Amino acid sequence: MSDELIPVFIKGEKVSLLPINMENVPLYVKWENDPKVRLYGRNAVPLTVEEFKKYFQPTGGRIAKEYHLEIWHNQDKKPIGSAGIFRISWFDGRAYLGLSIGESNYWGQDIGTEVTQLMVEYAFNELNLHKIYAIIAVLNEASWHCAEKNGFQREGLLKEDTFIDGKYVDYYLYSLLKDEWIKANTNI
Amino acid sequence: MEALWQMEEVKIFPFIEGENVALCAQNSEHAKLYLKWLSNPKVRKYSRNITPHTLEDIKKWFEPEPNQVSEWVVFEVWHKHDKRIIGTGGFSQVDWYNRKANIFLTIGEPDYWNKNIGTEASRLLIEYGFKELNLHKIYAGIFTPNKRSWMVAEKNGFKLEATLKDECYVDGKYVDEYRYYILQDEWLSSNE
């Protein structure tokens, strides 16, 4: 894709967020099926390209309950993962945040922290949501660090929530309220 | 090397010619450009596009709706000198019974902002709305920090009709929206 046509939706420093690109669905499918990537993603069954394409069908102008974006590496100029706000309750003003860096060679570079920061800002300042949740495996320390760096607080423990690799594992329920987030960002 | 946005003129369909710009029928082959504008944080702040769209969403706009009078009349804005599509504009919420419509214009390439291009493109749209579509009233909703747009509206003879309190949520806070209008009679008599 030529530089002039990259549809940047939210600009970040290391990464930007772009709309989902149907031409990259095979790549998304590769990530979602990758044993390393899907480990804590609670994805136990194989996904096909067709299922994914169907998932991203145009909604025909209806208000969606979830929005997904592609994570684009600014310097390397390629997609490396995806992020989403899902299970949006428009009445209560709450939603869940999820993200995955599909290309594992980009792990450990604080990219998840930046994506979280961009998504949180979007959820509060543009979607006008009140509260954001993140459900993170207790074993997935890297992910709870990126939630905590962004001010998320551990609200609860979901015991034996998911069956992974032959045993039940616990998940943390993290949350961030808009007011807390505003306060934290004005103090800096 | 020729850049992708330098369009072949055969893919441009001028409908109304102005001095610096022309209003053209839309071409679905430009969908990737539309996607870029619709996504660009700088642009979408003003065009109030809050959620991400995919290329497929945009391609769907081009599917003809048979046996239906559209609520939309949309053009591409063609920069005649640079030979480049730089934005879109037209009417939405066209109400054929009451003969009124909402006018909109987005210059998707920020390099072309503050060059009176928006003013010219709006003038062409207004003239078209009153002289060809036979609209009675054209209105525009502009949130208050969008100074560029209300200056364009005022230069083209729009008058402030109302201030809608806390109408839009922009960058983390509620802001008012100005509602501007212009009537066909008034416009015709001052543009004879």
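In this text the structure is predicted, and so the values were computed from the model without any measurement. A, B, ... follow the sequence lines: proteins, then strands. Residue 1 opens every chain.
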Spell out, yes or no, whether B/Phe15 and B/Ile117 are grouped together once hydrophobic residues are joined by side-chain heavy atoms under 4.5 Å, including indirect joins. yes
Can you hop from B/Ile182 to B/Tyr139 via hydrophobic side chains spaced under 4.5 Å? no
I'd like to know whether NZ of A/Lys65 has more than 12 heavy-atom contacts from other residues, nucleotides or ligands below 6.0 angstrom. no
Got a sec, which residues hit salt bridge (Lys or Arg N to Asp or Glu O under 4.0 Å) with B/Arg48, two or more places apart in sequence or on another chain? none
Given that the side chain runs from C-beta out, which part of B/Tyr34 has a heavy atom under 4.5 Å from chain A: side chain, backbone, both or neither? neither
In the single-linkage hydrophobic clustering (I, L, V, M, F, W, Y; side-chain heavy atoms under 4.5 Å), do B/Leu133 and B/Trp72 co-cluster? no
If you count the non-hydrogen atoms of other residues, nucleotides and ligands that lie under 6.0 Å from NZ in A/Lys178, is the total more than 12? yes
Supply the atom-to-atom distance B/Lys173 NZ to A/Ile182 CD1, rounded to the nearest 0.5 angstrom. 11.0 Å
Determine the minimum heavy-atom distance between A/Ile6 and B/Lys36, stating which atoms define it. O-CG, 3.7 Å
A/Val8 and B/Asn40: side chain to side chain contact (heavy atoms under 4.5 Å, CB included), yes or no, with the steps? CA-CA 6 Å; A/Val8 172; B/Asn40 185 339; over 6 Å; no
Could you state whether A/Leu18 and A/Tyr28 fall into the same hydrophobic cluster, counting links through intermediate Ile, Leu, Val, Met, Phe, Trp or Tyr residues with side-chain heavy atoms under 4.5 angstrom apart? no
Rounded to the nearest 0.5 Å, how far does CD of A/Gln57 lie from NZ of B/Lys60? 7.5 Å
Nearest 0.5 Å, what's the CG-OG distance between A/Leu17 and B/Ser39? 11.0 Å
Within residues 150-172 of chain B, the residues sitting under 4.5 Å from chain A by heavy atom, in sequence order, are B/Tyr169, B/Val170, B/Asp171, B/Gly172
With clusters defined by side-chain heavy atoms of hydrophobic residues (ILVMFWY) lying less than 4.5 Å apart, directly or transitively, does A/Ile101 cluster with A/Trp144? yes
Suppose a student defines contact as a heavy atom less than 4.5 Å from any heavy atom of chain B. Which residues in residues 111-131 of chain A would they list? A/Tyr122, A/Phe124, A/Asn125, A/Glu126, A/Leu127, A/Asn128
Could you tell me whether the side chain of A/Phe9 reaches within less than 4.5 Å of the side chain of B/His53, counting heavy atoms only? no
Linking directly or through intermediates, with side-chain heavy atoms under 4.5 Å: list the remaining ILVMFWY members grouped with A/Leu39, chain and number order. A/Tyr40, A/Phe86, A/Tyr96, A/Tyr133, A/Ile135, A/Leu139, A/Leu158, A/Ile164, A/Val169, A/Tyr171, A/Leu173
Heaviest contributor of heavy-atom pairs below 4.5 Å to chain A, chosen from B/Thr54, B/Leu35, B/Ile50, is B/Ile50
Is it the case that atom CG in A/Asp92 sees more than 12 heavy atoms from other parts of the structure closer than 6.0 Å? yes
Would you check if B/Pro52 and A/Leu69 make a side-chain contact, meaning some heavy-atom pair closer than 4.5 Å? yes
CA sep, side-chain torsions, deciding dist, call: B/Arg44, A/Ile10, side chain to side chain contact (heavy atoms under 4.5 Å, CB included): CA-CA 10 Å; B/Arg44 69 185 179 81; A/Ile10 294 168; 3.6 Å; yes
Most heavy-atom pairs under 4.5 Å with chain A, out of B/Ile58, B/Thr51, B/Leu55, B/Asn49, belong to B/Thr51
